[in-house]
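Sequential numbering from 1 along the given sequence is applied to the chain's residues.
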Amino acid sequence: MSQTFLVAILGILFYLSSLLGGHAPNSDWNGTNPPDTTFTSIGYVKDSPATLREGPGTDQTRLSVLEPESSVEILDETNGWYQVRTESGDTGWVAGMLIQSGAALKPGNYEVMGYYMGTSNNSSLQSLQRHHTQMTKVIPWAFSVTATGDVVNATPTNQLADLLKMVGENTELETLALISNYDQKTHKFSPEIASSVLRNPRQRSRAIANITKTLENWGVSGVNIDFEHVPPRDRDYYTLFIKELSEQLRPKGLSVTVAIPAKTYDDPNSNWSGAFDYAQIGRYADYVVLMAYDQHWTGGDPGPIASAQWVEQVVKYAVSQIPRQKVILGVPGYGYAWSGPGKGATVNYESAVRIANTGSGVQWDEQSKTPYANAQGREIWFENAASLGHKLDIVTKYGVKGIALWRLGQEDPNSWRIISAKL
């Protein structure tokens with residue numbers, strides 16, 4: 001256990017009394033039954049079929065044959081054999097020479113960030129356990145600010161503590177605490193909270209002091225500010241907030257990252273993106289995560305979540321305003337299923353494919369470079385490894401710093417093979 005983490009634990013003991021309970025959106029895990037904390041790595045069968053056996057040796061009973069390029073979780077290693085768990089859940093042993101291990105899949109010079117959210121099925125945790133060797137940073141949905149500048153829990157305290165302990169002991173990842181203007185009472189991002197904190201110098205200073213204290217007490221590497229639905233009239237105040245926050249955190253060795261709406265041009269009057277001055281934000285933040293998703297959203301007409309053409313326009317505009325080495329492309333792992341215009345619901349990759357297979361099956365839209373389907377009276381648009389691959393090509397084409405996946409556990413598992421191949 002690192003010294004930083006020990007200090008963080010001591011800080012937690014003094015700080016817990018000031019942190020109120022709460023749950024992140026779509027989170028209903030109450031922390032009473034901690035999930036399995038075993039960290040594994042992902043691997044892939046190479047170019048030839050691999051025999052799965054009961055034990056580590058060719059004399060062991062043959063269980064099945066794994067197809068080339070199929071993914072496996074690597075659980076153990078002995079005498080040149082890997083114990084693996086297959087995509088179907090079967091466990092056995094495979095000759096190590098037939099597997100490309102996760103250790104060989106570590107990202108290069110790119111940032112690979114993943115947003116983490118506690119849920120009842122532990123999907124974010126499972127993805128983190130399997131793919132942490134291919135990541136550089138994890139961003140847990142952690143805290144919210146109040147209208148008076150206090151910082152409160154957006155995730156149960158014990159769940160966040162367990163996560164940070166697991167990451168600190170089992171990975172080399174940096175952790176960025178996400179802090180938002182999410183209202184714990186209304187369960188929505190609050191323009192009123194944003195304005196109250198940003199426009200009032202006293203409350204803005206209080207929020208910055210509390211954010212600093214929170215990061216230091218929890219022993220994280222930095223912050224990811226995710227203020228959404230910020231009124232456009234607060235544009236200059238948001239920039240000032242990021243400037244003042246950076247001046248406070250950077251001397252302490254804490255990084256400042258922001259998640260901001262994607263746009264292809266600047267409209268200062270836009271209710272969604274007008275408050276975010278790309279050029280000014282890029283001066284003060286260490287990394288700028290472009291939330292390049294929800295091109296089509298649940299309250300609108302069906303369509304791609306993030307078409308390749310639109311994403312390229314977003315990145316092209318961003319690098320004209322922000323130093324490209326600070327730009328992180330936010331990529332979706334989810335989809336939406338619409339029963340009609342304005343009647344959409346979120347689906348993860350697994351659910352999208354399952355529903356698709358009851359109807360049209362998974363189709364490919366060549367124009368947007370994304371998959372879609374029609375089934376059960378719904379039109380479904382989602383993301384998979386192939387659509388992600390086109391977005392990664394945009395990352396390398398424009399020389400931006402990397403990606404941030406929203407969110408861990410929703411994605412096509414084969415996305416990680418594409419990430420390793422392209423980044």
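- Taking E174 as the reference, K137 meet the salt bridge (charged side-chain N to carboxylate O under 4.0 Å, His left out) condition, with sequence neighbours excluded.
- By the salt bridge (charged side-chain N to carboxylate O under 4.0 Å, His left out) test, E77 is found to be paired with no residue, residues two or more places apart in sequence or in another chain being considered.
- Within the structure, every pair that satisfies the salt bridge (Lys or Arg N to Asp or Glu O under 4.0 Å) test and touches residues 285-297, not counting sequence neighbours, is listed here: R250-D286.
- Residues passing the salt bridge (charged side-chain N to carboxylate O under 4.0 Å, His left out) test with D226, sequence neighbours excluded: none.
- Every pair passing salt bridge (Lys or Arg N to Asp or Glu O under 4.0 Å) that includes a residue from residues 114-133 is listed here, sequence neighbours excluded: E73-R130.
- Partners of K188 by salt bridge (charged side-chain N to carboxylate O under 4.0 Å, His left out), not counting sequence neighbours: none found.
- Residues satisfying the side chain to side chain contact (heavy atoms under 4.5 Å, CB included) test with K369, not counting sequence neighbours, are A308, W364, E366, H390.
- Listed by first then second residue, pairs satisfying salt bridge (Lys or Arg N to Asp or Glu O under 4.0 Å) with a partner in residues 145-156 read D150-R206, not counting sequence neighbours.
- Among residues two or more places apart in sequence or in another chain, the side-chain hydrogen bond (donor to acceptor under 3.5 Å, both in side chains) test is passed with S71 by E87.
- Using a 4.5 Å cut-off on side-chain heavy atoms (C-beta onward), K422 and Y110 make no contact.
- Among pairs with a residue in residues 247-271, none fulfils ring pair (Phe, Tyr, Trp, His ring centres under 6.0 Å), at least two apart in sequence or across chains.
- Among residues two or more places apart in sequence or in another chain, the side chain to side chain contact (heavy atoms under 4.5 Å, CB included) test is passed with D183 by K185, T186, S190, I193.
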Atom pairs and distances, side-chain donor-acceptor, residues 316-324, under 3.5 Å, sequence neighbours left out:
residue, atom, partner, partner atom, Å
S320, OG, Y317, O, 2.5
R324, NH1, Y398, O, 2.4

